Amino acid sequence: LSITPEYLRAREERVTVNLMDQGLALGRRFRALKLWFVLRYFGAEGARDRIREHVRLARSFASWVDAEPGWERVAPVPFSTVAFRCGRGAPAAAQDDINRAVMERVNASGEAFLSHTRLRGKICLRLSIGNLRTEERHLARTWELLREAAAGAASSS
């Protein structure tokens, strides 16, 4: 049942069962029921407020990436996902390895979770904001982890 896009791939996928590939069919009725529960709980304005806040947080994070030397945002941020890379200035052949290492270090910390994708043939990191309790302080800590991981990855490559 699996059609796994790049951003959902992990090196563990060959040795574990991914539960996203198991379960009920994703028919319209099940998706509509989930949306109904969200709207019932938050209301339309409450859902809009949360989406606006997540977009604001994503744009704030994107501004930090834009301002940091050696980092680059690789896509616009119309929603709550930021695609970016580190290692600008490193040899092109090493940049994908640096980004993979950064993602693995941050994810291994257990404090944040990043995914990746391939954009124009290059590995990019993805930060997506979706948890209701995410605050700017969480993103600030994630940014700190990213910069620490990048410094470690650059020195070991």
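All residue numbers in this chain count up from 1 along the given sequence. Keep in mind that what you see is a predicted model, and the values were worked out from it rather than measured.
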Sidechain-backbone polar pair: [X] side chain, [Y] backbone, donor-acceptor under 3.5 Å:
X      : Y      : result
Asn99  : Gly87  : no
His138 : Glu135 : yes
Asn107 : Leu114 : yes
His54  : Asn131 : yes

Taking the side chain as every heavy atom from C-beta outward, state whether [X] and [Y] have any pair of such atoms under 4.5 Å apart.
X      : Y      : answer
Leu33  : Phe37  : yes
Ile123 : Arg100 : yes
Leu146 : Phe84  : yes
Ile129 : Phe79  : no
Leu127 : Leu139 : yes
Arg48  : Arg52  : yes
Val82  : Arg126 : no
Val77  : Phe61  : no

Give me the atom names and distance for the closest heavy-atom approach of [X] to [Y].
X      : Y      : value
Ala90  : Gln95  : O-NE2, 3.1 Å
Ser109 : Ala112 : OG-N, 4.0 Å
Leu57  : Thr134 : CD1-O, 3.7 Å
Cys124 : Leu119 : SG-CB, 3.6 Å
Asp96  : Arg118 : OD2-NH1, 3.8 Å
Leu39  : Ala44  : CD2-CA, 4.0 Å

> Does the pair Glu136/Arg56 count as a salt bridge with the N-to-O cut at 4.0 Å?
Replying inline: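 Judged by the 4.0 Å cut-off on N to carboxylate O distance, Glu136 and Arg56 do form a salt bridge.
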Rounded to the nearest 0.5 Å, what separation is found between the [atom1] atom of [X] and the [atom2] atom of [Y]?
X      : Y      : atom1 : atom2 : answer
Arg85  : His116 : CZ    : NE2   : 12.0 Å
Leu125 : Ser115 : CG    : OG    : 8.5 Å
Ser63  : Arg73  : OG    : CZ    : 9.0 Å

>> Checking Glu111 against Thr142: is there a side-chain donor and acceptor pair closer than 3.5 Å?
In response: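 No, no side-chain donor-acceptor pair sits under 3.5 Å.
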>> One pair to check against salt bridge (charged side-chain N to carboxylate O under 4.0 Å, His left out): Glu144 and Arg141. What are the steps and the verdict?
In response: CA-CA 5 Å; Glu144 185 180 323; Arg141 176 62 182 145; 2.8 Å; yes
May I ask whether [X] and [Y] are part of the same hydrophobic cluster, defined by side-chain heavy atoms of I, L, V, M, F, W, Y residues being less than 4.5 angstrom apart, directly or through others?
X      : Y      : result
Trp64  : Val102 : yes
Val65  : Val55  : no
Trp143 : Met103 : yes

>> As a quick check of understanding, evaluate side-chain contact (heavy atoms from CB on, under 4.5 Å) for Ile51 and Ser80, giving each step before the final call.
In response: CA-CA 8 Å; Ile51 292 168; Ser80 62; over 6 Å; no
